[in-house]
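Let me begin by presenting the structure, written as structure tokens, before commenting on it.
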2 protein chains.
Amino acid sequence: MIVLDLKDARPLYEQIVERFKHLILCGVLPEDEKLPSVRNLAMELSINPNTIQKAYGELEREGFIYSVKGRGNFVSSNHNLKETKKEELKQQILALVKEGEGIGLTREDIVTLLQNGT
Amino acid sequence: MIVLDLKDARPLYEQIVERFKHLILCGVLPEDEKLPSVRNLAMELSINPNTIQKAYGELEREGFIYSVKGRGNFVSSNHNLKETKKEELKQQILALVKEGEGIGLTREDIVTLLQNGT
DNA sequence: CTAAGTGTACTAGAAGTGATAGTACACTTG
DNA sequence: CAAGTGTACTATCACTTCTAGTACACTTAG
């Protein structure tokens, strides 16, 4: 379910966070689905349980999952998360487009890009 | 000319590199313009000369500037750099759009975004 | 030629972050 | 009760960033 890239410059816990965010936003992990336990996932990925805990802590802080002592971590409702993520993506795209305008990349170029991928 | 954000999570040398890249790509710094000397800029920014040297080394490695011993660092020709940067931006935008499609962000949404900024 | 300014290279150390290792405790479930 | 779970804590190692200081070769202005 989770794949790590040790050659990636980003920290392991960050990769785990991002991977779970994606799985949750795309609906692969439905609401109230139980995530792998801290110790299980650590075993599976051959990394330290503390690293998983750090990732889960971050996911909880950002509202993607909720945690129940003694039972496990579970997926939160993802409707609001989706809308937030959509807005975030739009702002990121807009920022890139604006950066491009400074060096001669037109909005027509972008529309063309969206149409045929070049 | 260069402004540092100490609260930024990114390393100082990386901020310097990005700032100069922007100034060069946008034409603020024309071809063969002389950059501030390592020691001068370090003084001005109140940071260590080694940090400037690291930034200049990176800019040279990436072809944005060239260095002449005893004289200084100078801006390279920026035509190819611009084209490369444009392609890079287009790929980044495309990647974000594809990510958005997975959670229900349509290409029409993007076109609307480009038209009126929302 | 000399002095000042320049790029470059190197070592050393402080501080912060990421990851590991190990332990401990409270809670839930079977 | 036993096993599995989340959580918290300390200690340690490795790596990166940044600073500090030194040294040397080159170019230019005087």
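As the structure is a prediction and not an experimental result, all values here were calculated from the model. The sequence lines fix the lettering, A, B, ..., with proteins before strands; numbering per chain opens at 1.
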For [X] and [N], is the shortest distance between a side-chain N/O and OP1 or OP2 below 4.0 Å?
X	N	answer
B:Y13	D:dT17	yes
B:N73	C:dT6	no
B:R71	C:dG5	no

From the list [options], which nucleotide is the closest neighbour of the side chain of [X]?
X	options	answer
B:T51	C:dG22, D:dT19, D:dT7	D:dT19
B:S37	D:dG6, D:dT19, C:dG7	C:dG7
B:P11	C:dG7, C:dT20, D:dT17	D:dT17

> Within a reach of under 6.0 Å around CD of B:E101, are more than 12 heavy atoms found that belong to other residues, nucleotides or ligands?
Replying inline: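 Above 12, so yes.
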
>> Is it the case that over 12 heavy atoms from other parts of the model lie below 6.0 angstrom from the NZ atom of B:K98?
In response: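 At most 12 heavy atoms, drawn from other residues, nucleotides or ligands, come within 6.0 Å of this atom.
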
To the nearest angstrom, how far is [X] atom [atom1] from [N] atom [atom2]?
X	N	atom1	atom2	value
A:I16	C:dG18	CD1	P	13 Å
A:I65	D:dT5	CD1	C1'	13 Å
A:L12	C:dA21	CG	C1'	16 Å
B:Q15	D:dT17	CD	P	12 Å
B:N48	C:dA9	CG	C1'	14 Å
B:I47	D:dT17	CD1	P	14 Å
A:K54	D:dA8	NZ	P	14 Å
A:E14	C:dG18	CD	P	8 Å

> Under the 3.5 Å rule, do the base of C:dG7 and the side chain of B:R39 count as making a donor-acceptor pair?
Replying inline: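 For B:R39, whose side chain was compared with the base of C:dG7, there is a donor-acceptor pair (under 3.5 Å).
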
> For DNA chain C, whose closest nucleotide is more 5', that of A:P49 or that of A:G70?
Replying inline: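 The residue closer to the strand's 5' end, by nearest nucleotide, is A:P49.
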
>> Judged by each residue's nearest nucleotide on DNA chain C, which is more toward the 5′ side, B:V38 or B:N50?
In response: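 Whichever sits nearer the 5' end wins; that is B:V38.
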
> Hey, which of B:F64, B:F74, B:Y56 is the one that makes ring pair (Phe, Tyr, Trp, His ring centres under 6.0 Å) with B:F20?
Replying inline: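 The ring pair (Phe, Tyr, Trp, His ring centres under 6.0 Å) with B:F20 is passed solely by B:Y56 among B:F64, B:F74, B:Y56.
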
>> We want to know whether B:D109 and B:T106 form a side-chain donor-acceptor pair, criterion being a heavy-atom distance below 3.5 angstrom.
In response: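 Yes, B:T106 and B:D109 have a side-chain donor paired with an acceptor closer than 3.5 Å.
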
> Under the salt bridge (Lys or Arg N to Asp or Glu O under 4.0 Å) criterion, do B:E18 and B:K21 qualify, and how do the steps go?
Replying inline: CA-CA 5 Å; B:E18 184 164 311; B:K21 279 187 185 177; over 6 Å; no

